[in-house]
Number of protein chains: 2
Amino acid sequence: MSSTGIGSRTSTEGDDERPLRRDAELNRQRIIEAAREVFAERGLAATFDEVAHRAGVGIGTVYRRFPTKEALLAVAFEERLREHARMAEEALAAPTGWEALVHFLRQAAGMHAEDRGLRDLALGASAELGFSPHERIRDSVEPIMRRIIERAHEEGSLRADVTVEDIPLLLMMVSEVAHHSHAVRPEAYHRYLQLLIDGLRRSSKSGNLGAPMTPDDVEAMARQWLPTTLPRR
Amino acid sequence: MSSTGIGSRTSTEGDDERPLRRDAELNRQRIIEAAREVFAERGLAATFDEVAHRAGVGIGTVYRRFPTKEALLAVAFEERLREHARMAEEALAAPTGWEALVHFLRQAAGMHAEDRGLRDLALGASAELGFSPHERIRDSVEPIMRRIIERAHEEGSLRADVTVEDIPLLLMMVSEVAHHSHAVRPEAYHRYLQLLIDGLRRSSKSGNLGAPMTPDDVEAMARQWLPTTLPRR
DNA sequence: TCCGAAGCGGAGGACATACCTCAACTTATG
DNA sequence: CATAAGTTGAGGTATGTCCTCCGCTTCGGA
């Protein structure tokens, strides 16, 4: 609801654009706000028509301001993506690797449950759109995950056969539950995340996990699993 | 590939139909075979056009033989559904409840990974189509799952806070992985199923699962998660 | 106050996908 | 070989998304 801090797009670009007319700037903010809501609810697959309708403007206006979906996403998600990265670093500060891991998983799952668009970006197709100042999110979060996993392995708290590549997959499974249970039992995903967390804990009797995923495997799965922002063409 | 045992639809119905012409019966078998393949690959969302094309017949022929999707599904999946139920009973025969549970989960996950249509039917919308002799699949498998869970709880091998309602959810998560990894790493889902299984095992340190799912919750999630066979109307 | 540039809206064209029908044609079989 | 049974696939209906374009409205500087 609070429409503060949306950031009128002054400077930050090649920038030879004159400032928008007052009414136009207002509409722009409305569009951004609407985009956040719509993408949060329906994921990146949401359409421009939905955003326009929610913002109470014509479709043409949305297109005029954001000629491509990427342009809109970049602005709408800038802040959320930063939060996501910040959260990961926070997790790293936990006293033990295990706590860091659990904290990260729970936070990420929570964020992805609340904002389906963020999930799509964080786990998926973000590769395809060059995000403004920051690189694509996976590049910023992945090294952190890697360090967390390493620490947990050193402690011996995390079962040895788990790798960083598993993390995105776990989050996809959980966010899938979150998404489909949202209307009925929005917290349902906690349950299955906890089950997975308990499965990750080192224990005397745990089964064989088989060959680990490679980064390419994960990439391919994400591409197939999550919506591809860009319309085919 | 073997096209044996498809069962020409003699008797078994109100039945006043005369036998099909030889060429028609052949086409019918082709269609059923094609339907099995297509539904296995693409799930219940597959279209009549796909089936027709795969069978090498015109769309009109498919419609003539199977006026509704349900009619086609009923025939195409009769055997697979029976297998599914048989498998569940087999699991029940395991020496311990825990082994029964693990066996059931692995078998079900495997079947759902191989046949996406079966998954859709087993976990989802089967409610909507009244399946020929057998009731909808969930009704036949659910009591078995329930007994397995009970036994495992009595033994104390399964953590106490897990319920039957969790089983379909676990299978959905896993089959989602199976589906999206199919082209790259078809066995990937084993890994995540194992993680879940290890999370299900009773252990000194396992986290709090929160409120269990109710049958209605599961119903609602399944409805939202899995394709609704029937076109809207 | 006024007017030109900036902005707006949303009908509608282009395209894709799915469902399902039907009239013209082909084929098995008594 | 006559005829009922069967086949075909183009095309009508419906739905949904993308995106453009042009007539109209509004802002804001002169």
Name the nucleic acid region contacted by Thr61(B), choosing base, sugar-phosphate or nothing; use a 4.0 angstrom heavy-atom cut-off, strictly under. base
Roughly how bent is the helix from dT1(C)-dA30(D) to dG30(C)-dC1(D) end to end, in steps of 10 degrees, with each end axis from five pairs? 10°
Closer than 4.0 Å, any side-chain N/O of Asn27(B) to the OP1 or OP2 of dT7(D)? yes
Write down the distance between CZ (Arg28(A)) and C1' (dC8(C)), rounded to a whole number of angstrom. 17 Å
Between Asp120(B) and Leu44(B), is there a donor-acceptor pair closer than 3.5 Å when you use the side chain of the first and the backbone of the second? yes
On DNA chain C, compare the nucleotides closest to Pro67(B) and Ala24(A); which residue's is nearer the 5' end? Ala24(A)
Just say parallel, tilted or perpendicular for the rings of His84(B) and Phe104(B), cut-offs at 30° and 60°. perpendicular
Using whole Å, what does the distance between atom C1' of nucleotide dC8(C) and atom NE2 of His53(A) come to? 16 Å
Interatomic distance where CG belongs to Asp49(A) and P belongs to dG10(C) [whole Å]: 12 Å
In whole angstroms, the gap separating C1' of dG11(D) from CZ of Phe48(B) amounts to 19 Å
Whole-Å distance, Phe66(A) CZ to dG7(C) C1', equals 15 Å
Would you call the rings of Phe39(B) and Phe77(B) parallel, tilted or perpendicular, where under 30° means parallel and over 60° means perpendicular? tilted
If a protein heavy atom is under 4.0 Å from the base, mark B; if only from the sugar-phosphate, S; if neither, -; do that for nucleotides 22-30 of chain C going 5' to 3'. -----BSS-
Just N and O in the side chain of Arg65(B): are any of them under 4.0 Å from OP1 or OP2 of dT7(D)? yes
